[in-house]
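Beneath this line is the structure, given in structure tokens, with notes to follow.
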Amino acid sequence: MSEHPEPELAERAAERHVVVVGGGVAGLVAARECAKVGMRVTLLEASDALGGAVRRAELDGVVLDAGAESYATRGGHVRKLVAELGLTERVQSPATGGAWLAGVPGQEPAPLPIGGILGIPANPFADDVRRVIGWRGAWRAYVDRLRPPLTIGHQRSLGRLVASRMGARVLERLVAPVVSGVYSAHPDDVDVDVAAPGLNAALTRVGSLSGAVDALRGQQQSARKDKAPGSAVEGLIGGMGTLVDALRADLEKLGGVVRTGSPVEALESAGAGWTVAVRPVEGDEDPDAADPGTLSADSAERLDADAVIVATTEDAARDLLAGHVSDLGDRQAAPQIEIVSLLLDAPELDDAPRGTGVLTVPGSHVAKALTHATAKWAWLREAAGARHVVRVSFGSQGEPTATASLDDEAAASLALTEASALLGVDLSRDQLVGAHRARFTQSQPASLLGAAERRAASRAAVEAVPGLAAVGAWLSGTGLAQVVADAAAEADRIRRHLLWD
Ligand SMILES: Cc1cc2nc3c(=O)[nH]c(=O)nc-3n(C[C@H](O)[C@H](O)[C@H](O)COP(=O)(O)OP(=O)(O)OC[C@H]3O[C@@H](n4cnc5c(N)ncnc54)[C@H](O)[C@@H]3O)c2cc1C
């Protein structure tokens, strides 16, 4: 709908109050969309900072991204938002050094081959591919060129498709590290048709999986063939936290009210609208200690709303929605992730020995991946001076993070040891200027098998309740590109409901 409504509509909009619960990117985008048409908007965030998985850390004066560090350019949704917020001049592409791969049995780390899709190579005999999968792996992968394509139905499991056509080495050494690094998921669970649209159709057309990768890469006009994996992303000078700051500033400029330290405990339907119970957090109180779901405490503050948009993580959303929404379906498995950011005084990293970072073959290392952030982002290199920022990621589907039971000191030591191993450089404790750890629950990607159906069912159940919406990565799929587009669409649905129904 138009963001500049007719005067009569503007009057109606000003009488409507929307409460948004959760101040991650989904909540901020949804709140801003409602505020744009003149509605009264209150955004309530449990913690003392906005942004959720977009999180900042400061190490010895260097401000860096402790969570999400970029966005996918796919769909153009985030870029459009960035432009609307006047941040276009801050857009920065990552360095082209590309990622490396570590943990291939019997091999030193090597650059991740270029020109593939989700790690699937277009040419198994290319030097950079063969270096990783060996001659045996390359000949097995070549069988793909000789085998007829599956003509009756097609294989939707990425893992099974790759294993059957190109063999275990391509799957385990190339595809699994990329899929685990990007999605925190196993390739068997990833839906090819969502993760790589058009690949199955190209396979039927050209007769082989490697040929399909080649054909699809050729079609992707925006992606040059020599682009390194992961390069279809952008970041912002100053970090992704600048997007959160700009969203907040614009929301407040549009008249929205933003409250941090305000965990919502419960929702109650009240006539045609809602009552939202919030218990402001005092001082050092832990917002997570609140017990969402009941309206028992008299001390809770109550806000009236014509509509509520729940924009929290999945667990909190389910607690708040229970009792109002008939069937949200099963809770999804959500891996715990920890990122330990290290600020290092280490001139031996000046030449970026492992490009912009390292992905690991699942099971080969304690850490899942490493980003050499000062090699990847020019803005951060400038901000860090002669020092280096390295982010070590722990945790994947179904396993507790290796750092889970460690104190901060021990977690920093483990991250330093892993960084030394993955970067191939001896990093000592006295080179560590500072360390920061951040824990997250990672929502599942939209490309998991069955995810689209599960999410559509949950969404339909929420939409059946008038004046209620739910947004966020657990419903849109993880990644800012999905989260932003989905939150804007849901906010539009609520705007229409409040103004027209
Ligand atoms: C470590 C990590 C790295 C990532 N890197 C990237 C990347 O580089 N690029 C990319 O595109 N995507 C990345 N992602 C994914 C992306 O960051 C997320 O999908 C997205 O930020 C999720 O936004 P959200 O608003 O749905 O949820 P969140 O960011 O989780 O926000 C939910 C908010 O709700 C609040 N909340 C919870 N309960 C309550 C309550 N009861 N009352 C009030 N508030 C409450 C929380 O405190 C939180 O602020 C990354 C994710 C993680 C975890």
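Atoms within a ligand are numbered from 1 in the order they appear, just like the ligands themselves. Keep in mind that this is a model prediction, so the values were computed, not measured.
Between G477 and ligand 1, a contact under 3.5 Å exists for no N or O pair. At a 3.5 angstrom cut-off on N or O pairs, T312 does not count as close to ligand 1. Remark: ligand 1 and G479 share an N or O pair separated by less than 3.5 Å (distance only, no angle test). Residue contacts with ligand 1: F440 is placed with no nitrogen or oxygen under 3.5 Å of a nitrogen or oxygen of the ligand (distance criterion only).
Of all the heavy atoms of V483, the ones lying under 4.0 Å from any atom of ligand 1 belong exclusively to the side chain. Only backbone heavy atoms of A311 (N, CA, C or O) come within less than 4.0 Å of ligand 1; its side chain stays farther off.
Ligand-side atoms of ligand 1 in range of V21: 42 (N), 43 (C), range being under 4.0 angstrom from any heavy atom. For ligand 1, the atoms lying closer than 4.0 Å to a non-hydrogen atom of Q442 are 51 (C), 52 (C), 53 (C). Those atoms of ligand 1 with a heavy atom of A53 less than 4.0 angstrom away are 17 (O), 21 (O), 28 (P), 29 (O). Interface atoms of ligand 1 facing E69, defined by a heavy-atom separation under 4.0 Å, are 7 (C), 8 (O). Listed by atom number, the atoms of ligand 1 under 4.0 Å from A473 heavy atoms are 19 (O), 22 (C), 26 (O). Here is the list of ligand 1 atoms found below 4.0 Å of a heavy atom in G472: 26 (O). For ligand 1, the atoms sitting less than 4.0 Å from at least one non-hydrogen atom of L44 are 43 (C), 44 (N), numbered in the order shown with element in parentheses. Ligand 1 places these atoms under 4.0 Å from at least one heavy atom of I339: 1 (C).
W274 and H324 have perpendicular rings, their planes meeting at more than 60° on a 0 to 90° scale where under 30° would count as parallel.
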Under the side chain to side chain contact (heavy atoms under 4.5 Å, CB included) criterion, do T242 and R56 qualify, and how do the steps go?
CA-CA 10 Å; T242 54; R56 273 198 182 107; 4.0 Å; yes
Start with the C-alpha distance between L50 and L43, add both sets of side-chain angles, then the distance that settles side chain to side chain contact (heavy atoms under 4.5 Å, CB included), and finish with yes or no.
CA-CA 10 Å; L50 296 177; L43 181 141; 3.9 Å; yes
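Taking 4.0 Å as the cut-off, P263 counts as a neighbour of ligand 1 on heavy-atom distance. Residue contact annotation: G51 has a non-hydrogen atom under 4.0 Å from ligand 1.
One finds a salt bridge joining K376 and E69 here, because a Lys/Arg side-chain nitrogen approaches an Asp/Glu carboxylate oxygen to under 4.0 Å. Salt bridge absent: E45 and R248 never bring a charged side-chain N and a carboxylate O closer than 4.0 Å. The pair D486-R459 meets the salt-bridge criterion, since a charged nitrogen lies less than 4.0 angstrom from a carboxylate oxygen.
Considering only non-hydrogen atoms, atom 38 (N) of ligand 1 lies nearest to A316 out of A317, A316, G23, S70. Nearest residue to atom 13 (C) of ligand 1 from A49, A68, S476 is A68 (criterion: closest heavy atom). Of the listed residues (G24, A46, A26), the one carrying the non-hydrogen atom nearest atom 43 (C) of ligand 1 is A46. Within the set L480, D48, V471, the minimum heavy-atom distance to atom 21 (O) of ligand 1 is found for L480. Taking all heavy atoms of R279, E314, E45 into account, the minimum distance to atom 47 (O) of ligand 1 is reached by E45.
Open room surrounds CG on D330; 12 or fewer heavy atoms of other groups in view lie less than 6.0 Å from it. Applying the 6.0 Å contact sphere to CZ of R454 captures more than 12 heavy atoms from other residues, nucleotides or ligands.
T42 has its side chain within reach of H17: a pair of non-hydrogen atoms, C-beta onward, lies under 4.5 Å apart. Taking the side chain as every heavy atom from C-beta outward, Y71 and V91 approach each other to under 4.5 Å. Taking the side chain as every heavy atom from C-beta outward, L380 and D65 never approach each other to under 4.5 Å.
A side-chain contact (heavy atoms from CB on, under 4.5 Å) with V310 holds for exactly one of L267, V325, V276; it is L267.
Under the 3.5 Å distance criterion, with hydrogens and angles disregarded, a donor-acceptor pair is assigned to the side chains of T478 and Q442.
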